[in-house]
Amino acid sequence: MKPDAARHDPRPEYLRALVEQSGLSQRACARQIGIGERLLRYYLAPDDAADRRIAPYPVQCALECVSSMERR
């Protein structure tokens with residue numbers, strides 16, 4: 001997969017789907033991509049959550065890579 005920031009999709013439901021596709025726990029996904037578990041939970045929080053944060057494209061790209069690797 002070639003990174004393309006034009007495909008940035010920080011929606012929590014998309015990011016949650018990537019975590020599910022990986023077959024890993026949120027904790028394991030966070031470790032794989034080099035961020036803290038709490039930060040990943042902020043990115044996965046629903047849009048109306050007070051502590052929700054917008055995931056930058058590198059986080060999305062890393063989750064896409066992890067989810068595609070784990071399916072092999």
Side-chain angles (χ1 to χ4, degrees):
M1 167 191 328
K2 187 173 183 178
D4 180 3
R7 296 183 13 196
H8 188 212
D9 184 358
R11 292 175 302 128
E13 50 277 355
Y14 177 66
L15 300 176
R16 281 194 297 271
L18 292 173
V19 172
E20 286 180 26
Q21 288 172 12
S22 75
L24 300 173
S25 66
Q26 289 181 8
R27 175 177 286 158
C29 275
R31 276 194 206 133
Q32 285 280 15
I33 67 172
I35 64 172
E37 182 182 0
R38 180 180 292 174
L39 183 56
L40 181 60
R41 278 189 262 135
Y42 288 144
Y43 294 148
L44 302 178
D47 284 331
D48 60 351
D51 56 355
R52 170 146 161 41
R53 296 187 186 166
I54 304 297
Y57 179 70
V59 169
Q60 173 192 329
C61 186
L63 286 173
E64 288 171 342
C65 290
V66 168
S67 79
S68 68
M69 287 174 41
E70 295 301 319
R71 285 185 278 161
R72 292 183 189 166

Original post:
Going through the distances and angles, do Q21 and L18 end up as a side chain to side chain contact (heavy atoms under 4.5 Å, CB included)?
Top reply: CA-CA 5 Å; Q21 288 172 12; L18 292 173; 4.0 Å; yes

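- In this view, R31 satisfies the salt bridge (charged side-chain N to carboxylate O under 4.0 Å, His left out) rule with no residue, not counting sequence neighbours.
- Counting heavy atoms from C-beta on, the side chains of S67 and V19 never come closer than 4.5 Å.
- Put simply, the side chain of E37 never gets that close to the backbone of A30: no donor and acceptor are under 3.5 Å apart.
- The line from SG of C61 to NZ of K2 is 12.0 Å long, rounded to the nearest 0.5 Å.
- Going from atom CZ of R38 over to atom CZ of R53 covers 9.0 Å, rounded to the nearest 0.5 Å.
- The shortest distance between side-chain heavy atoms of Y57 and P10 does not fall below 4.5 Å.
- Residues that satisfy the salt bridge (charged side-chain N to carboxylate O under 4.0 Å, His left out) test with R52, not counting sequence neighbours, are D47.
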**OP:** Could you walk me through whether D4 and R7 pass the side chain to side chain contact (heavy atoms under 4.5 Å, CB included) test, one step at a time?
**Re:** CA-CA 6 Å; D4 180 3; R7 296 183 13 196; 4.0 Å; yes

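- Shortest non-hydrogen contact noted between L44 and P12 is O-CB, 3.6 Å.
- Of all non-hydrogen atoms in R16 and P46, the two that sit nearest each other are NH1-N, 4.2 Å.
- How far CZ of R41 is from CD1 of I35: 11.0 Å, rounded to the nearest 0.5 Å.
- Listed here is the closest heavy atom pair of A28 and S25: N-OG, 3.0 Å.
- Under a hydrophobic clustering in which Ile, Leu, Val, Met, Phe, Trp and Tyr are joined whenever their side-chain heavy atoms come within less than 4.5 Å, directly or via other members, Y43 and I54 fall into different clusters.
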**OP:** Test side chain to side chain contact (heavy atoms under 4.5 Å, CB included) on L63 and L40 and set out the steps.
**Re:** CA-CA 10 Å; L63 286 173; L40 181 60; 4.2 Å; yes

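- Between atom CD of residue E20 and atom SG of residue C29 there is a gap of 10.5 Å, rounded to the nearest 0.5 Å.
- Here the side chain of H8 pairs no donor or acceptor atom with the backbone of Q60 at under 3.5 angstrom.
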